[in-house]
Amino acid sequence: MAILKREGADKIYAVAQLFREQALERDGSLLTPGRAVWTIPALEDLEQRFVLSPDHSSDSFDQKLERQIDGASDTVKQLMAELLLMHLLVVHGMSADTKRLRISRVLGWMRDPVVIPPDIDAALDYGLASPGTHFYTRRDTHLRFFIEWMLAWKRLEPSTLVQALSEPWAFREQICSVDNRSAWLQRNALLHLVFPEAFERAVARNDKKALVDAFADRIGGPEAAAAMDEDKAILEIRKSLEPTYGPGFDFYEIPELVVQWNSRFQGGVMEANAPLLERLRAAYPGWQSFADERFIRDETTYKMDASAKTQERLGADTLRQLIDSEDYDQVVQLVEQVAQSTNLLWLRMPREGDLSILYWQDFDSAAFSRALYDLLHGEGSSPERLERYASYARAQGLPVKWTLPTYLLMLMYPETDIFVKPEATKWFLKQMGVSLKLGSKASGEVYASILEAAEDLREQLAPFEPQTMLDIQSYIWVAYRAGEPPMAATAGAEDEGERVQTDTHAATVYEHIRSKGYQFPAWLVTDYVLSLATKPLVILSGISGTGKTKMAQLVSEFVAPVQDREVVIEPSRAPQLEGAVRVSIRPSAFQHRRLTIPNVLLDGVVVPEPNSISDLIVRAGGQRFEARLYAHSSARNYQVHMKPQLYEWFRANAEMGDLLELATTPVSDSPEFQLELSVVRSERRMESVLSERVAFLSVRPDWTDNRALLGYFNPLLQRYQGTELLSLLLRAEANPDEPHFVVLDEMNLAKVEYYFSDFLSAMESGTEMVLHDAEDDEADAEEPLPPRRLKVPTNVFFTGTVNVDETTYMFSPKVLDRANTIEFNSVDLDEYGRGGADLADAFRLSDDVTLEALLAASRRPGPEDWAVISTRSQERIRAIHSLMAEFNLHFGYRVANEIARYLALTKEFVGEDQLDFALDLQVLQKVLPKLSGSRAKLEKPLEALLEHLEGEGLNMSAAKVSRMLTTVRAVGFVSFVE
C-alpha cells in the first residue's frame, strides 16, 4: 500500500474519504455535510464563470477569482472554496496559514459565510507532496481541469460511477478521460487521495517514470516495464520490494531507494551540480529540496504569510477604494505594515532606509498612491509597470530605489516576480554569468533581465522542486550570506555576511562630534548627556535645521559605534587574457580548493567523458601548475581541483570578492586543453552601518496608540507583529550593561500622550507595559511570543526631537514634567564655520570620566538625591518654588528630585564649580517648560520670576523668561516651546 504514514497524513486521508463520500458518491459538501454543494448546476455555473470566461489580466489569482464568481450564489462560492480545499490539501511546503487564508477568503465572499470545521482545519497543517512550480504558477489550469472532470463525473451512469469507485483502474480511466495534459499534478493528487492503496503520492511529472526506469529489473526488465501501464508497474515494483522494506514503505523516505531512482540524489544527498548549491548547504547541511523543513521554517513560511497579507491589504479593490475615497494616508500606512511584516527591507533609519520615499520632503501621498496602484495592478508586464513607477519617482524628485517596489511586486505576485536587493542581486548575477550593469536606481529594462536570470535559475533548480519565486529569492539570499565569515560581529549590517569592522573611536564625545564635521557647544553636549543620565527622556526642541537629530545620532554613535561594512567594487578594465571569461571567486575555491569552469569556455575544445578524472595543466602568474579535472555525471559540469602548489599561489594572490579570468587553450599535438588563469583584484570601500543598540524612529501623524512602537498580537496570523523598538527593548533587557538609544524624530507629529503614555508611566513608576494576553498555544510554534509584560530597561535612553509649526501638536504638562526639554533655537551665523569659543566651555565631562560611566550611573531620581545636594542648592530651588507657588504655578516633588539628581551628577562627573550653571540649565529645562497661557495668567509671574532669576545670576533662564514676557505682551499668549 502507498499510504503515507507521516505525522498528520491520517488527517489528510480522512478529508479525502470525506471528499469521496460527499462529492463523488453524492451531491453533498465537505464543510457543511447535508447541504447540496457538489451539484451539476453549481458546477455548470462555475464552469461558465471560471473555465469558459478566463480572466487574462495581470491581477493575482485571488483578485481575478473574486471578479469571476462575483454575483454567484453562496452554493457556487462554497463549491469553489471546497475545490480549493481539495486542491491545496496535498501540498507540503505551503504554510497552513496561507492555505486557510486562501480558502477562508473565498468563503468570506458568501452572503452567509461558513467556517472550516476543526477536523478539516487540522489537516491543513500537513501535506503529502511537494507538487513543484507548475502547481503554483498554473493554479487556474489545475482548477479548470478539476471542474471539468467533476462535471464529467457527475454525468456518469450510476453503474459506471459505482464501478469507478470500487476499482482503482476504472477510476483512473474516468479521470484520464478528461484532457489533463497540463494538469497532471492535479490528476495524480486526486488518484492518490481517492485510492491511496493503489497510486503513489508521486505527483511530480517525471517521478513515476523515474521509478519504473530505476526498478525495471524487478518486473522483467526495461522492455517489459515499457510495455506495462506506469501505475500498475509501480504497484508491482512495490510488491517486489515489500519483503525487504515492509508494507507501506515510502519511495521518498528510504535513502537506499531514493538514490536508485531519483537522479537528484547521490549517496543520500543531492549532487552538488546546481548553481550555488554548495553555499546553500553550508547553511543547511544535507539540504535536498525546497521541502527541507529547516528551509521552510527559516525562509519560506513567513514570506508566504507576508505575501498573503500583501494580496489582502494592497489588492486592486482595496487600493482602488482607498484612492477613490482619497484616504491616501491609509495607503501609506498599509505599505508600512506590509514592509514591517518581514525582515527583507532595511527600516532601521526610515529617512535613509528602504521606506525613505515615504519620508521625503516633497512626498505627495496622493501621487504615490496612484503610482503604487499602477505598479501593482496597472496594465503591462511587471518590468513595464516598474519603469512607470521609476519615472513617477524621478519626476517627483523622490528616491528611485530597487527595494520597495520589487519587494511589493514579489509579495503580490510570488509566482513571477522577485525582490531586488542590489548587493545580493549583483552577486547572484555574477554567479549566473550574467553581464548586467545593476545601478542603484530601479529600471524596468534591467528588472526584465533580472527576472530572466531568476527564471533560468528556477529551471536549473526544477529537480529540487521550488514552489514560487519566494523560494528562488530565499535560495539566492541564503547562498549570498553563506560566504566568508565577517571580520567582526555585525550589529545591524544591512547585508549579513559581509565583512565589517568597528568605526575608529574618538577619545571623547566632544572630539567625536568634531571629527564628524559638526560644531555644538561643549556645554550643550554635556547638558544633553547629563539630562539623559538624570531621566532617560530628553526632548530636543527648536527650529528646523539646528542639529537636534544630529546631536542625538552623534552621541548614540559615540557610545554604540557604527560599523564599517566592506563593499567590493568590480574592476572595469577589459579582460587581459584572450577569449577569457570572468567569474567571481566562490568560497569553495578556498574551502575545497575547487574552481568551476564556465561552460562557454568548453566550446571548441575536447572535454573528458562524464564521470572521469584527468590531469590538467594550469598557467597562472607566469608559472605552470598541475591540477586535476573532474568531469561530473551532469553534462558539461567540470571542476578544477587545485593541487598544493597551485593552491598556495591562489591563496597568495586572491581573496573573496576578486574576479578570475579563465581561458582555455589547446595543447599542441593533443586533443587536450590547458587552462589560463589570472586574478583580477577588486577595489574595496567601507560603508557605515548603524548599531543594533540604536533605533531611529520617524513618528507618523497616524500614531494613535503604542502599536507602532510595541507591536501587537495578530489573531488572524496567530503571531505577534513585533517592531524594531520592541526588539531593541528585549536586547537591552538581555544586555543590561550596554546603553541603548531610541531617537523619536519629529516626536510631536502625533499626540505624544496617545502613543507614548505607557512608556511615560513605566519609566516613572517602574511598572510593566502590557504587550499581549495571548496564550503560548495560540501562537505560531515557530515564532514564540514575546513576554506578556515588559518593563522599560533602565539602560534605554529616549530622545524626542520636536519642531513647532501648524502640523504638530503641543506637549501636555504630563509629558514636559517627565522630561528635560533642551532648546535648539540659537543660530549664530557670524561664528558659523569658524569654530568659535564655547559658552561655558568648562561645563564638560571631566577628563577622568567617560560617557559610558555617566550613563551607567543612570537611575530613577528620588528623595535621596534631594538629601545629598548642598543646603545652598536646596535653598535656591525652594526660593523659586515659593515664588511660583504664589501664582499657583509651582512644581512637585518629582521635579525637585530630578533637579537634585542632575546637580549630583554634575558634581560627580563635571565638577562642583559648575553647579550654578547646572542649576540655571535645570530651571530652564524643568521649571520653565510648564509655563503656558494668556497674558492675564502669566505676565505678573514672569515679571517676578525674571527679577528673581537675574538677581540669582541664572542668566540663561532669565533670558528665556525675558523672551516669553515680550511674547505674551505682544500677542497675549505664550508657551515655553517657541
Side-chain angles (χ1 to χ4, degrees), residues 1-39 42-43 46 75 77-108 110 113-131 135-136 139 142-143 145-147 149-150 153-154 161 164-166 168 171-172 174-175 183 185-203 248 250 291 718:
M1 296 178 66
I3 297 176
L4 184 64
K5 297 178 181 178
R6 179 191 296 164
E7 179 188 1
D10 58 328
K11 294 180 172 62
I12 295 175
Y13 291 129
V15 176
Q17 180 62 29
L18 186 65
F19 169 72
R20 182 185 180 115
E21 295 169 357
Q22 293 291 328
L24 300 183
E25 294 179 4
R26 58 177 68 94
D27 296 342
S29 166
L30 280 67
L31 303 179
T32 54
R35 179 176 180 179
V37 170
W38 291 78
T39 65
L43 285 163
L46 201 52
T75 298
K77 291 176 180 177
Q78 182 173 335
L79 173 60
M80 189 70 227
E82 294 190 12
L83 281 161
L84 268 174
L85 166 64
M86 292 306 301
H87 173 69
L88 299 174
L89 185 63
V90 300
V91 179
H92 175 72
M94 176 183 285
S95 76
D97 282 341
T98 300
K99 295 179 188 178
R100 293 185 183 102
L101 182 61
R102 292 194 178 280
I103 299 165
S104 298
R105 182 181 288 131
V106 178
L107 293 173
M110 298 170 61
V114 301
V115 297
I116 304 174
D119 53 344
I120 295 179
D121 185 82
L124 297 177
D125 288 327
Y126 305 96
L128 299 178
S130 298
F135 191 80
Y136 292 90
R139 182 176 293 117
H142 292 91
L143 287 171
F145 160 74
F146 201 164
I147 294 168
W149 171 70
M150 282 302 306
W153 177 266
K154 293 291 182 180
L161 189 148
L165 284 176
S166 59
F171 180 79
R172 197 188 71 157
Q174 293 301 328
I175 203 170
L185 294 167
Q186 186 66 74
R187 177 203 65 193
N188 289 342
L190 287 168
L191 286 173
H192 179 71
L193 288 172
V194 177
F195 283 99
E197 67 278 4
F199 300 105
E200 296 294 327
R201 66 183 182 96
V203 297
D250 192 87
Q718 293 293 291

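Computed from a predicted structure; not experimentally measured.
The shortest distance between side-chain heavy atoms of M80 and L46 falls below 4.5 Å. Taking 4.5 Å as the limit, some side-chain heavy atom of R172 sits within range of a side-chain heavy atom of L191. Inter-residue side-chain proximity for T39 and K154 is flagged as unmet; no heavy-atom pair is nearer than 4.5 Å. Put simply, the side chain of R20 reaches to within 4.5 Å of the side chain of E25, judged on heavy atoms. The closest side-chain heavy-atom distance from L128 to L89 is not below 4.5 Å. Put simply, the side chain of R201 reaches to within 4.5 Å of the side chain of D250, judged on heavy atoms. Put simply, the side chain of F19 does not reach to within 4.5 Å of the side chain of L85, judged on heavy atoms. At a threshold of 4.5 Å between non-hydrogen side-chain atoms, the residues F199 and L193 do not count as touching.
Here E21 contributes atom CD and L30 contributes atom CG; the two are 10.0 Å apart, rounded to the nearest 0.5 Å. Within the model, atoms CZ of F195 and CD1 of I3 stand 12.0 Å from one another, a figure rounded to the nearest 0.5 Å. Between R102 atom CZ and L107 atom CG the span is 14.0 Å, to the nearest 0.5 Å. From I175, atom CD1 reaches atom CG of L190 across 4.5 Å, with rounding to the nearest 0.5 Å. Separation of atoms CD (Q17) and CG (L24) is listed at 10.0 Å; rounding is to 0.5 Å. Here CD1 of I12 is found 8.0 Å from CG of L4. Values are rounded to the nearest 0.5 Å.
Between T75 and A36, the shortest heavy-atom contact is CG2-O, 3.7 Å. What you find for V203 and N188 is that their closest heavy atoms are O-ND2, 3.5 Å. Y13 and P196 make their closest contact through CE2-CB, 3.8 Å (heavy atoms, listed as atom of the first residue, atom of the second, distance). K77 approaches V106 most closely through the heavy-atom pair O-CG1, 3.5 Å. The two atoms that bring S29 and V37 nearest to each other are CB-CG2, 3.6 Å, heavy atoms only.
Ion pairing between R35 and D27 fails under the 4.0 Å rule for side-chain N and carboxylate O.
Taking the side chain to side chain donor-acceptor pair (under 3.5 Å) definition, one finds that D10 meets it with nothing, sequence neighbours left out. Residues meeting the salt bridge (charged side-chain N to carboxylate O under 4.0 Å, His left out) test with K11, sequence neighbours left out: none. The side chain to side chain donor-acceptor pair (under 3.5 Å) test applied to R26 returns no partner, not counting sequence neighbours.
Checked against the 6.0 Å centroid threshold, H87 and F145 do not count as a close aromatic pair.
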Check: Going through the distances and angles, do L124 and V15 end up as a side chain to side chain contact (heavy atoms under 4.5 Å, CB included)?
Finding: CA-CA 10 Å; L124 297 177; V15 176; over 6 Å; no
Next item on the list: Walk me through it: do E197 and H192 pass the test side chain to side chain contact (heavy atoms under 4.5 Å, CB included)?
Entry: CA-CA 8 Å; E197 67 278 4; H192 179 71; over 6 Å; no
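Judged by distance alone, with hydrogens and angles left aside, the side-chain atoms of R100 form a donor-acceptor pair with the main-chain N or O of D121 at under 3.5 Å. A distance-only check finds no donor-acceptor pair linking the side chain of Q186 to the backbone of L143 [under 3.5 Å].
Ring geometry for W38 versus F146: interplanar angle of 30 to 60°, hence tilted.
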